[in-house]
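Computed from a predicted model, the values in this text were never measured in an experiment.
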Amino acid sequence: KPILDYSPLAKLKKRPTILMLESLGAIDIRPSATQEQLHHNLEKIITGSKGRLIIGTFASQIERVGWIIQAAERFGKKVALNGYSMKTNFEIARKLGYIKAKKGTIIKINQIDDYPDNKLVILATGAQGEGNAVLSRIISGTHRNLKLKKSDTVVLSSSIIPGNEATIQKLKDGLYRQCDNVIHGELMDIHVSGHGNRDDILHMVK
């Protein structure tokens with residue numbers, strides 16, 4: 001995909017006088033991961049997980065959800081979508097043609113026991129530690145269909161939104177107690193943020 005080029009703005013005879021720019025990533029000084037690194041790392045996890053793979057990500061990350069589904073198809077795995085917003089966004093994106101899935105790839109969460117653990121990818125909401133989201137219900141033992149196993153791999157493919165540090169740490173603690181394989185952004189590049197970091201903001205201002 002082409003990278004947006006903002007340089008023509010600097011060449012206008014009458015320069016823009018107002019810049020509206022969100023700054024959630026202004027405190028992030030780490031270099032941004034690329035989509036290629038993200039895909040490489042996620043593919044490694046998808047092929048290497050010996051048990052079920054549970055990926056927590058934002059339901060709004062339509063492109064990532066679509067890519068994970070296609071990767072799962074390439075390696076003969078089934079995908080269960082869990083969480084109201086995850087399922088709703090997927091259905092809208094599929095109807096509009098943004099996500100494509102072969103017949104039989106997507107299964108219901110109550111069908112996961114019908115397949116071998118190493119053939120399952122579960123896409124879930126709640127990577128920010130939200131109280132009633134899927135990952136929190138799994139940890140608390142109140143999820144109807146999903147109880148964590150030591151052999152599961154849980155991936156938190158999301159950034160830490162400022163203000164959510166305590167709830168995300170609580171989520172991680174709960175996962176560590178029930179599962180041996182928890183992967184998050186401090187261990188591996190498994191998320192590319194939609195929010196520009198400090199260098200991105202400086203580039204935009206320049």
Side-chain angles (χ1 to χ4, degrees), residues 1-48 53 55-75 79 81 83 85-101 121 123-130 133 155-165 167-169 171-172 183-206:
K1 290 183 181 180
I3 296 172
L4 284 174
D5 180 12
Y6 294 103
S7 62
L9 292 174
K11 296 169 188 169
L12 292 174
K13 287 182 181 177
K14 188 177 178 184
R15 298 279 181 91
T17 54
I18 297 173
L19 172 63
M20 295 181 69
L21 185 67
E22 61 89 26
S23 56
L24 188 143
I27 58 173
D28 187 0
I29 59 172
R30 299 169 302 172
S32 296
T34 65
Q35 290 288 347
E36 288 74 23
Q37 288 170 309
L38 165 76
H39 290 165
H40 172 76
N41 289 338
L42 283 177
E43 191 167 287
K44 217 160 106 178
I45 295 167
I46 290 168
T47 56
L53 176 59
I55 302 176
T57 192
F58 298 114
S60 56
Q61 290 273 9
I62 296 298
E63 188 176 22
R64 186 170 311 163
V65 169
W67 184 88
I68 290 168
I69 290 169
Q70 287 185 332
E73 284 180 340
R74 285 201 304 275
F75 301 111
V79 179
L81 302 161
S85 57
M86 184 70 74
K87 289 186 282 189
T88 302
N89 288 8
F90 167 77
E91 287 302 334
I92 293 169
R94 180 152 72 168
K95 280 178 186 172
L96 295 174
Y98 292 113
I99 291 180
K100 290 179 173 58
V121 176
L123 278 166
T125 57
Q128 294 295 304
E130 304 95 313
V155 173
L156 301 178
S157 182
S158 62
S159 54
I160 298 174
I161 294 176
N164 289 355
E165 292 86 354
T167 52
I168 292 173
Q169 190 55 51
L171 172 71
K172 286 178 183 173
I183 303 169
H184 50 79
E186 290 169 33
L187 301 176
M188 187 185 284
D189 286 326
I190 47 170
H191 174 70
V192 175
S193 178
H195 301 279
N197 64 11
R198 188 172 298 180
D199 282 344
D200 295 326
I201 293 169
L202 286 170
H203 173 73
M204 190 67 194
V205 170
K206 185 180 174 184

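- Residue-environment remark: CG (L21) exceeds the threshold of 12 foreign heavy atoms within 6.0 Å.
- In this structure, CD1 on I168 lies 8.0 Å from CG on L156, to the nearest 0.5 angstrom.
- Here the shortest heavy-atom pairing between K100 and Q70 reads O-CG, 4.3 Å.
- Counting only heavy atoms from C-beta outward, the side chains of Y98 and I92 never approach each other to under 4.5 Å.
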Could you pull out all donor-acceptor pairs under 3.5 Å where a side-chain atom in residues 196-206 meets a protein atom, sequence neighbours excluded?
unit_1 : atom_1 : unit_2 : atom_2 : d
N197   : OD1    : D199   : N      : 3.2
N197   : OD1    : D200   : N      : 2.9
N197   : ND2    : R30    : O      : 2.9
N197   : ND2    : S32    : OG     : 3.0
R198   : NE     : A26    : O      : 2.8
R198   : NH2    : A26    : O      : 3.2
D200   : OD2    : N197   : N      : 3.0

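- Residues passing the salt bridge (Lys or Arg N to Asp or Glu O under 4.0 Å) test with R94 are E91, sequence neighbours excluded.
- Note that CH2 of W67 is 5.0 Å distant from CD1 of I46, once rounded to the nearest 0.5 Å.
- Taking all atoms of both residues into account, the shortest heavy-atom contact from A59 to T125 is CB-CG2, 4.4 Å.
- One finds the OG1 atom of T167 at 10.0 Å from the CD atom of Q169 (value rounded to the nearest 0.5 Å).
- Checked against salt bridge (Lys or Arg N to Asp or Glu O under 4.0 Å), E43 has the following partners two or more places apart in sequence or in another chain: R74.
- Shortest non-hydrogen contact noted between S7 and D5 is OG-OD1, 2.7 Å.
- In terms of heavy-atom proximity, K44 sits nearest to T47 at O-OG1, 3.1 Å.
- For the atom pair I183 CD1 and N41 CG, the distance stands at 9.0 Å (nearest 0.5 Å).
- The side-chain heavy atoms of E63 and I99, taken from C-beta on, include no pair separated by under 4.5 Å.
- Between F58 atom CZ and S85 atom OG the span is 11.0 Å, to the nearest 0.5 Å.
- When all heavy atoms are compared, the tightest approach of V79 to A72 is CG2-CB, 3.5 Å.
- Atom CZ of F75 sits in a crowded spot, with more than 12 heavy atoms from other residues, nucleotides or ligands closer than 6.0 Å.
- Separating the CG atom in N89 from the CG atom in L123 is a distance of 12.0 Å, to the nearest 0.5 Å.
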